[in-house]
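Please read through the structure below; I'll follow up with questions.
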Amino acid sequence: MLEHSQTTRNSMLAIVLGSVLFGYWLILPVVLGVYSDIYGLQEDKLGALASIYSLGIFITTLTSTVWLTRFRRKSQIVMGALLSALGFFLLLQHATGDNLTLLYHFISSLGLGVAYAAMMAVLADSANPTRSFALLFFLQVVIGVMGSLMLTRAVSAEQTLSVVYAGMAVIGVLSALLATKFQEPDKARRVVASQPLRSRWAPSLPILLGLLSILLVFTGDAGVWVFLERIGSAVEDRKLGGNLVSINLAAGAIGSLTAAWLANRFGFLLPMVLAIGLSILSVAMLNLSTSDLVLLTASFINGWAWNFGAAYRMALVAHLDGERRFVALIPAMQTLGNAIGPSLVGVIIVWASYSAAYWVVAVLWLAALGSYYPAWKAYQSTNNNRVH
């Protein structure tokens with residue numbers, strides 16, 4: 001009974017800390033808009049800034065399977081939160097969009113990645129991981145919506161960076177203090193399985209294709225996501241840009257709820273086809289219209305499709321990976337896509353146009369569907385063999 005209470009308290013702490021520490025990514029489109037307005041950064045530089053922030057998270061997520069079980073989770077969360085706070089404190093002193101700004105973003109993202117990987121492990125050990133992850137994602141959405149609305153309505157562009165970086169530095173320090181409340185369960189240290197390295201790090205082709213589909217979708221989605229504020233500001237003002245970000249986040253929450261409600265009722269292929277089709281529709285709407293209502297609708301469709309399809313892509317990889325050796329690569333593919341997408345789309349916008357970027361993103365999504373299909377076929381074949 002005591003251990004169950006301990007696990008519940010740890011899970012609630014991880015949900016809260018995971019949401020607030022991840023808050024910067026959720027308001028990043030608004031921040032990028034300020035870098036553009038105040039310091040004149042073009043889309044390629046904005047994309048590089050977003051990508052470098054994702055890169056640190058990717059590195060720590062990718063390597064988490066190596067170090068996650070070798071250190072106490074409490075220590076990892078405390079150190080990660082403090083490193084994140086240090087990065088934001090440095091940004092508070094220097095945030096002009098130059099190379100130092102990129103370096104400080106990288107430092108803060110490394111800290112976030114260390115803490116976030118440990119918190120995800122805590123939630124995976126909870127009594128109901130599905131419910132714990134759902135609460136985490138919903139709280140993140142709430143923070144993202146509230147933060148975007150506040151920054152675009154109550155804070156001037158000139159003050160936004162100071163408010164954001166001071167706030168995130170304080171959040172990092174407070175999170176480190178709260179993380180000391182974690183209570184490590186009285187369990188023996190996990191023993192690393194004794195399979196040879198080649199076997200451990202050699203996923204099958206279907207798993208690789210499933211992971212590739214996650215990478216391609218997130219590359220396209222992140223490329224659109226980080227420029228939503230710029231899209232709205234170019235048509236009207238920062239308020240519309242903030243609304244596009246907020247409605248995208250809200251729609252993402254609804255998309256996750258929809259996937260949870262439908263579950264596997266329609267299998268794994270139809271939901272993916274629907275998600276890709278709607279994603280392509282969303283960029284077509286962004287490309288062809290400057291109406292506020294159409295842009296808001298497009299942002300809603302994009303956010304819904306992104307989160308709705310994500311549940312099925314991740315679940316397919318998990319089902320293919322029966323021994324659970326490679327599921328840790330799922331968030332690594334997400335953050336790698338988040339790192340590649342903004343830079344890729346930013347460069348295309350500068351060299352060509354937003355319209356060209358939308359076409360490239362649509363091709364990435366179609367390629368993801370092409371990668372996903374044989375992975376799904378392998379899953380179907382395996383299931384049919386089990387039935388017979």
Side-chain angles (χ1 to χ4, degrees), residues 8-32 50 53-54 56-57 60-61 64 73-92 95 104-124 126 129 131-152 154-155 160-183 225 242 245-246 248-250 252-253 256 307 331 334-335 338:
T8 301
R9 180 163 61 176
N10 286 347
S11 299
M12 295 308 296
L13 271 173
I15 289 168
V16 172
L17 297 184
S19 298
V20 295
L21 285 172
F22 204 75
Y24 186 66
W25 172 257
L26 298 167
I27 59 171
L28 191 55
V30 177
V31 173
L32 295 183
Y53 187 72
S54 297
I57 306 172
T60 46
T61 305
S64 64
R73 290 173 183 170
K74 179 196 294 187
S75 301
Q76 294 171 45
I77 297 171
V78 170
M79 290 187 296
L82 289 176
L83 184 58
S84 175
L86 172 63
F88 285 117
F89 177 77
L90 293 172
L91 281 168
L92 182 62
Y104 298 155
H105 271 86
F106 185 67
I107 292 172
S108 64
S109 68
L110 284 175
L112 171 61
V114 170
Y116 200 69
M119 288 183 286
M120 294 295 276
V122 169
L123 295 181
S126 65
R131 181 176 299 162
S132 297
F133 288 132
L135 288 172
L136 172 69
F137 298 147
F138 270 105
L139 188 54
Q140 285 179 351
V141 167
V142 170
I143 289 172
V145 171
M146 291 176 60
S148 297
L149 291 175
M150 181 194 74
L151 291 173
T152 53
V155 181
T160 297
L161 295 182
S162 297
V163 170
V164 168
Y165 294 140
M168 290 305 302
V170 170
I171 285 172
V173 173
L174 292 179
S175 295
L177 292 173
L178 279 174
T180 62
K181 303 298 181 181
F182 275 99
Q183 296 183 353
W225 157 254
V245 174
S246 298
N248 191 279
L249 288 168
S256 295
N307 280 35
Q334 291 177 260
T335 50
N338 287 344

Beyond-backbone contact of Val31 with Tyr165, side-chain heavy atoms, under 4.5 angstrom: yes
- line: Across all chains, not counting sequence neighbours, the side chain to side chain contact (heavy atoms under 4.5 Å, CB included) partners of Val170 are Leu174
statement: What one should report as the nearest heavy-atom pair of Gly144 and Ile27 is O-CG2, 4.2 Å
field: Minimum heavy-atom distance between Leu17 and Phe182, given as atom pair plus value
entry: CD1-CE1, 3.9 Å
message: Quick one, Trp225 and Val245 - any side-chain contact, counting heavy atoms below 4.5 Å?
response: yes
task: Go through the steps to decide whether Ile107 and Leu110 satisfy the test side chain to side chain contact (heavy atoms under 4.5 Å, CB included), and finish with yes or no.
output: CA-CA 5 Å; Ile107 292 172; Leu110 284 175; 5.6 Å; no
field: Minimum heavy-atom distance Val20-Met168, with the two atoms named
entry: O-CE, 3.7 Å
statement: Those residues at least two apart in sequence (or on a different chain) that pass side chain to side chain contact (heavy atoms under 4.5 Å, CB included) with Ala85 are Val173
field: Spacing of Ser162 atom OG and Leu92 atom CG [to the nearest 0.5 Å]
entry: 6.0 Å
- prompt: Can you list the residues that meet the side-chain hydrogen bond (donor to acceptor under 3.5 Å, both in side chains) rule with Asn307, with sequence neighbours excluded?
  reply: Ser256
statement: Between Thr60 and Gly113 the two heavy atoms that sit nearest each other are OG1-CA, 3.0 Å
query: Between Asn338 and Trp25, is a side chain to side chain contact (heavy atoms under 4.5 Å, CB included) present by the stated rule, with each step listed?
result: CA-CA 10 Å; Asn338 287 344; Trp25 172 257; 3.7 Å; yes
message: Tell me every residue that passes side chain to side chain contact (heavy atoms under 4.5 Å, CB included) with Val145, counting only those two or more places apart in sequence or in another chain.
response: Val141, Leu149, Ser246, Leu249
- request: Kindly check if the number of other-residue, nucleotide or ligand heavy atoms within 6.0 Å of CZ (Phe22) is above 12?
  value: yes
- prompt: At their closest point, which heavy atom of Val16 faces which heavy atom of Leu139, and how far apart are they?
  reply: CA-CD2, 4.1 Å
Distance-minimising heavy-atom pair for Ile77 and Ala179: CG2-CB, 3.5 Å
field: Ile57 CD1 to Leu112 CG distance, which is reported to the nearest 0.5 Å
entry: 4.5 Å
query: Which pairs count as side-chain hydrogen bond (donor to acceptor under 3.5 Å, both in side chains) when at least one residue sits in residues 136-148, sequence neighbours excluded?
result: Tyr116-Gln140
- prompt: Hey, does the side chain of Ser109 reach the backbone of Tyr53 with a donor-acceptor pair shorter than 3.5 angstrom?
  reply: yes
field: Parallel, tilted or perpendicular: ring planes of Tyr24 versus His105, cut at 30 and 60 degrees
entry: tilted
query: Would the number of heavy atoms belonging to other residues, nucleotides or ligands and lying under 6.0 Å from CE of Met146 be above 12?
result: no
- prompt: With sequence neighbours excluded, what pairs up with Ala81 under the side chain to side chain contact (heavy atoms under 4.5 Å, CB included) test?
  reply: Leu21, Ser175, Ala176
message: For the CD atom of Gln76 and the CE atom of Met119, what is their distance to the nearest 0.5 Å?
response: 10.5 Å
Ile171 vs Phe88 side-chain heavy atoms within contact, under 4.5 Å: no
